[in-house]
There are 2 protein chains.
Amino acid sequence: MSIKKQPKYEKIADELRKRILNGGYDVDQAMPDEINLAEEFEVSRMTMKRALEILVLEGIIYRQRGQGTFILPSNFSQGRINVLNKESQGLTKLLGERAVKSEVLQFEVRFPEKEVARHLMIEQTDPVYEIRRVRYVEGEAYVIEHTFMPSSLITGLTTAILDQSIYRYIQEELGYTITSSHKMIRADKPNEWDQKYLGNLETDPVIEVEQVVFLGNGKPFEYSFSRHRYDKFVFTSVHIGR
Amino acid sequence: MSIKKQPKYEKIADELRKRILNGGYDVDQAMPDEINLAEEFEVSRMTMKRALEILVLEGIIYRQRGQGTFILPSNFSQGRINVLNKESQGLTKLLGERAVKSEVLQFEVRFPEKEVARHLMIEQTDPVYEIRRVRYVEGEAYVIEHTFMPSSLITGLTTAILDQSIYRYIQEELGYTITSSHKMIRADKPNEWDQKYLGNLETDPVIEVEQVVFLGNGKPFEYSFSRHRYDKFVFTSVHIGR
DNA sequence: CAGTGGTCTAGACCACGGA
DNA sequence: CCGTGGTCTAGACCACTGC
């Protein structure tokens with residue numbers, strides 16, 4: 001449904017990813033070399049390299065000079081919601097079929113503290129929305145979000161929107177693209193809010209994600225603290241190289 | 001001191017990173033465009049793109065078609081040790097000047113459980129080292145590591161090495177290169193070991209990192225669980241695009 | 001030595017944003 | 001329209017691995 005023009009290297013990466021996950025290549029031996037793949041997809045070698053590089057960064061394959069390209073057996077199992085380093089979509093999209101509901105605890109406009117203004121790259125005289133929501137997955141509380149957004153940028157927010165997905169509103173109604181995010185992940189002891197709304201015991205830790213999210217025009221539009229139930233989430237991350 | 005051949009795009013990225021951090025470019029306006037930069041560094045436009053792409057992925061700059069390349073004000077402050085998504089070096093290197101010491105709690109060779117063998121991509125009949133260490137930074141306990149390594153791959157380990165840095169041994173003595181890692185980060189309640197060795201209270205959470213680390217030849221050599229004091233670490237991660 | 005992936009080039013063409 | 005970054009090419013040359 002996405003009408004977006006997708007570059008060749010992305011289409012190829014998608015196709016190869018599908019093949020690999022469906023067992024289209026033998027795990028025990030090298031995949032076809034990049035020259036053959038380039039011929040098959042009728043692209044230049046550089047473009048094929050770029051497609052393969054995506055899969056390398058996703059941790060799906062590894063490549064070795066003089067040897068070939070090999071599939072990396074997928075590690076790690078589940079049980080918790082897996083928040084990949086490569087996504088910044090927000091819960092609603094992350095879960096797909098599972099029902100996500102929100103309860104709005106706070107929704108107001110005010111002047112930001114210095115720290116908030118700094119992260120949003122605005123002046124302290126530019127008003128921001130301050131929002132607190134509890135997010136429920138299939139009726140169970142999973143996350144408390146505490147979010148700041150510049151009201152001049154994200155206009156027309158209503159509680160009706162907050163009940164659903166802010167991200168969808170920003171992308172579909174306001175027409176912005178969301179391109180990048182900077183996250184800090186840490187653990188913390190539960191505070192009163194966590195205990196009250198996440199149903200946490202005094203001894204249940206929370207995972208807090210402090211995040212700045214950017215639009216395609218380079219402007220930060222969200223500065224938020226999300227406190228997750230420790231038994232429901234895990235954060236994965238792949239690092240390559242040097 | 002590194003005798004390694006460094007590609008042009010890395011050298012350029014290093015130089016630009018230095019300039020940006022030293023205030024060499026005005027934050028309020030676009031950096032020189034890629035054509036001019038390519039001329040300055042006497043490389044092709046593609047190579048300059050690649051250098052700039054590194055900085056984009058590091059979250060230092062952002063680029064916009066039709067607009068230019070801009071510096072992204074560095075967000076986030078400190079107080080805890082910052083474990084970047086882009087590193088897999090191990091504590092010793094991460095800290096540099098700060099004194100890191102280890103206390104070896106366990107060091108033996110045995111046959112691995114099924115899960116361990118699976119993550120290390122070996123048979124259950126291939127023996128592994130099982131190692132538990134407490135890592136101290138300036139005399140204070142920061143992390144408990146529980147590590148498995150194939151003994152056929154990482155040969156000649158001794159307690160003397162474990163007292164220092166395993167990674168240094170692998171790279172400098174065994175001559176391997178460490179290229180990538182897959183991490184899962186989660187929070188947990190402290191167990192007996194955490195409370196005993198990290199000096200944690202019953203209510204202090206820990207951050208557990210489950211990790212598989214790979215050598216340049218694609219072989220996993222480490223499967224480990226590191227439990228960090230929640231008040232000493234933070235994990236950062238930058239996500240770009242699409 | 002042959003076969004692989006890694007780097008780099010010079011240039012074409014496209015897409016987007018602002019004047 | 002111009003100036004920016006994004007995609008893609010065809011090919012050269014290099015570096016590493018294993019035979």
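First the proteins, then the strands, lettered A, B, ... as listed; each starts at 1. Worth saying up front: this structure is predicted, and the values here are computed from it rather than measured.
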> Starting at atom CG of A:Leu52, determine the distance to atom P of C:dT4, rounded to an integer number of angstrom.
13 Å

> Would A:Glu53 and A:Arg63 pass as an ion pair if we require N to O under 4.0 Å?
no

> At a heavy-atom distance below 4.0 Å, which nucleotide of DNA chain D is the first touched by chain A, and which is the last?
D:dT7 to D:dG18

> Mind checking if B:Lys8 touches a base, just sugar-phosphate, or nothing, with heavy atoms under 4.0 Å?
sugar-phosphate

> Is any side-chain N of the basic residue among A:Arg135 and A:Glu145 closer than 4.0 Å to the acidic one's carboxylate O?
yes

> Say whether B:His228 and B:Glu208, considering side chains only, have a donor N or O and an acceptor N or O under 3.5 Å apart.
no

> Going by an N to O cut-off under 4.0 Å, is there a salt bridge joining A:Glu113 and A:Arg110?
yes

> Starting from P on C:dT4, measure out to CD on A:Gln29 and report it in whole angstrom.
13 Å

> Can you check the B:Arg65 CZ to C:dA15 P distance for me, whole Å?
8 Å

> Begin from the C-alpha positions of B:Tyr129 and B:Phe107 and carry the test ring pair (Phe, Tyr, Trp, His ring centres under 6.0 Å) through to its verdict.
CA-CA 7 Å; B:Tyr129 291 117; B:Phe107 177 40; 5.6 Å; yes

> Hey, is A:Glu40 close enough to A:Arg19 for a salt bridge, meaning N to O under 4.0 Å?
yes

> Of A:Arg50 and A:Gln64, whose closest DNA chain D nucleotide lies nearer the 5' terminus?
A:Arg50

> Do B:Thr125 and B:Glu123 get their side chains close enough for a donor-acceptor pair, meaning under 3.5 Å?
no

> Would you call A:Glu115 and A:Arg118 a salt bridge, taking side-chain N to carboxylate O under 4.0 Å as the test?
yes

> When the C1' atoms of the five terminal pairs at each end define the local axes, what inter-axis angle does the helix from C:dC1-D:dG18 to C:dG18-D:dC1 show, to 10 degrees?
10°

> Going by atom types only, do B:Tyr62 and B:Gln67 share a side-chain donor-acceptor pair under 3.5 Å?
no

> Taking DNA chain C as the partner, which of residues 40-48 of chain B come within under 4.0 angstrom of it by heavy atom?
B:Glu42, B:Val43, B:Ser44, B:Arg45, B:Met46, B:Thr47

> Quick test of your reading of the model: are A:Glu173 and A:Arg168 salt-bridged, counting only N-O distances below 4.0 Å?
no

> Inspect the contact between A:Asp14 and A:Lys11 and indicate whether a charged nitrogen and a carboxylate oxygen are less than 4.0 angstrom apart.
no

